[in-house]
Number of protein chains: 2
Amino acid sequence: MTAPSIRARVRAELTEEIKSVARRHLATDGANLSLRAVARELGLVSSALYRYFASRDELLTALIVDAYRALGDAAEAADATATDTDLRGRWLAVCHAVRQWALHHPAEYALIYGSPVPGYVAPADTTASAQRVVLTLGGILLDAARTGRLTPPPTSAPPPPVRADLARLIAQYPDAADQGGRAAGSHDALTEEQLARGLAGWSQLFGLVSFEIFGRLEQVVDQRELYFDHQMRLMADLAGLP
Amino acid sequence: MTAPSIRARVRAELTEEIKSVARRHLATDGANLSLRAVARELGLVSSALYRYFASRDELLTALIVDAYRALGDAAEAADATATDTDLRGRWLAVCHAVRQWALHHPAEYALIYGSPVPGYVAPADTTASAQRVVLTLGGILLDAARTGRLTPPPTSAPPPPVRADLARLIAQYPDAADQGGRAAGSHDALTEEQLARGLAGWSQLFGLVSFEIFGRLEQVVDQRELYFDHQMRLMADLAGLP
DNA sequence: GTCCGTCAAGAGCGCTGCTCTCTTTTTTGA
DNA sequence: TCAAAAAAGAGAGCAGCGCTCTTGACGGAC
């Protein structure tokens, strides 16, 4: 089993090559990806691809999984690069990393954050990857709250039913005791108000990136990067990051 | 010319009927709309449709134009229904109208705010309709600014290049002198800070609606309407609406 | 050295958007 | 009023699509 028989290796390589070509086609032709075109470019006949992916949907799923992973990697890497205690810097770094990844991989971004394919249902293994960005943002807020540096401006308070949803999310948050080396007490978690303001930053992040990727800022904003930076700073203000 | 010859009338009716059937197919099958299926349902042969729409793209364009118009109508109607001086109420009414329209027409919403079709370029006559929602929101902010009731919280200031973009947008804003019956002086326009905060509400609105329509809140937020309302209130806070 | 699993190829099915030609029906102009 | 013109629909056909099934050929294990 430790010996990855030659056959298995060349198979894995060709599988990657198929995905690579498919990714390139995706970038030019959009979501209407043609299996036959991919096969042609690889010098294969279309039916041969079915040895590697059971269907077109399965190939797309593989690309979606890879995209979530790449975006999650980029976000977490950006968070890790910034100074731990520079909370606002970490927040902005993650936001800019998401935007940069989207700008460099617009088709893959559209695949995961654009209109979903009607009949398509995301496999279970994608949901974990899909949450990595919001968990990264949440982790920054949590670090801020723990060190008592989350000082949000006075804003409207969420109504009780929303508070219940938010409380559930706070309880569901993966125990981050290992991050700070401290036991997670009740005063270590976010309040509902803090989470609500943080989630505003989450939807703002992807809303604005989608606007830019999908061309909705076309004749509205020219200074895209600076505008994005300013908007993310506004959301950091709202979240209460110093 | 005043007599709309019987033939022209039945043609207009059939054109509408084609769009209606196409809209229904869009709702179930998503963006992969089949001309042949639409023709079949109408008892026509596929080539007959080409008497009414030169191509599948042209049919989709007609649906897009209709969608922008319907969404713009809904937003403006909601704005008009609320009391003029209830600025926050108008803001929230417009936001909820956009959300409700999207919930009732998810496929059409995806058509105009989802991932764009790669080769597709929007015709010029859509851009005006596409701006109606943001102009409605801007009008509310402008009304607030004119009556001196825009009191935003202290937040980061936009850097000079962004200020230039914002100033251009303010200058481009259609002269709204007829709305208040007053001449538009310089003190009647929005400041760059005010516009930047208002635009945050704009991208937040569509970001959050897209999240909901595209299923990204699926196991995150259960109280969708109340959560949306709270988030829009947060953005009204940020914009400075009393 | 044989045998079995894997691989690529080819043919083919039903579907798609779109074009072209032909016939029928309706409108129009002298 | 009647023929010419315009418009509408039907049908055949082209190239492309995803996908299935069958047929040979090759390579590693016994």
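Values in this document were obtained by computation on a predicted structure and should not be read as measured data. Chain A is the first sequence line, chain B the second, and so forth, proteins listed ahead of strands; every chain is numbered from 1.
At a cut-off of 3.5 Å, with distance as the only test, a side-chain donor of A/Tyr109 or A/Ser210 sits close to an acceptor on the other residue.
A donor-acceptor pair is defined here as one N or O able to donate and one able to accept, closer than 3.5 Å; no such pair exists between the side chain of B/Arg132 and the backbone of B/Ala75. No donor-acceptor pair closer than 3.5 Å links the side chain of B/Gln204 to the backbone N or O of B/Gln231. Formation of a donor-acceptor pair under 3.5 Å by the A/Thr126 side chain with backbone atoms of A/Val65 is not found in this model. A donor-acceptor pair is defined here as one N or O able to donate and one able to accept, closer than 3.5 Å; no such pair exists between the side chain of B/Arg216 and the backbone of B/Leu208. Not a single donor-acceptor pair under 3.5 Å links the side chain of A/Arg197 to the backbone N or O of A/Met235.
Counted within 6.0 Å of CD on A/Glu58, heavy atoms from surrounding residues, nucleotides or ligands total more than 12; the atom is thus considered enclosed.
Within residues 27-39 of chain A, the residues approached by DNA chain D to less than 4.0 Å at the level of any non-hydrogen atom are A/Leu33, A/Ser34, A/Leu35, A/Arg36, in residue-number order. Residues from residues 50-64 of chain A lying near DNA chain D, meaning a heavy-atom separation below 4.0 Å, are A/Tyr50, A/Ser55, A/Arg56 in numerical order.
Contact of B/Ser46 with C/dG17 (side chain to base): no donor-acceptor pair of N or O atoms is detected under 3.5 Å.
Comparing D/dG11, C/dA9, D/dG9 against the side chain of B/Leu14 picks out D/dG9 as the nearest.
Across the protein-nucleic acid pair, B/Glu13 atom CD and D/dA8 atom P stand 14 Å apart, rounded to whole Å. Rounded to whole Å, the distance from CZ on A/Arg11 to P on D/dG28 is 15 Å. In this entry the distance linking CG of A/Leu42 with P of C/dA9 reads 11 Å, nearest Å. Nucleotide C/dC7 holds its P atom 15 Å from the CZ atom of A/Arg9, rounded to whole Å.
Contacts of B/Leu49 with the nucleic acid, taken as non-hydrogen atoms under 4.0 Å apart, are absent.
Partner of B/Tyr113 under the ring-ring contact (aromatic ring centres under 6.0 Å, His included) criterion, out of B/Phe206, B/Phe214, B/Trp101, B/Phe211: B/Phe206 alone.
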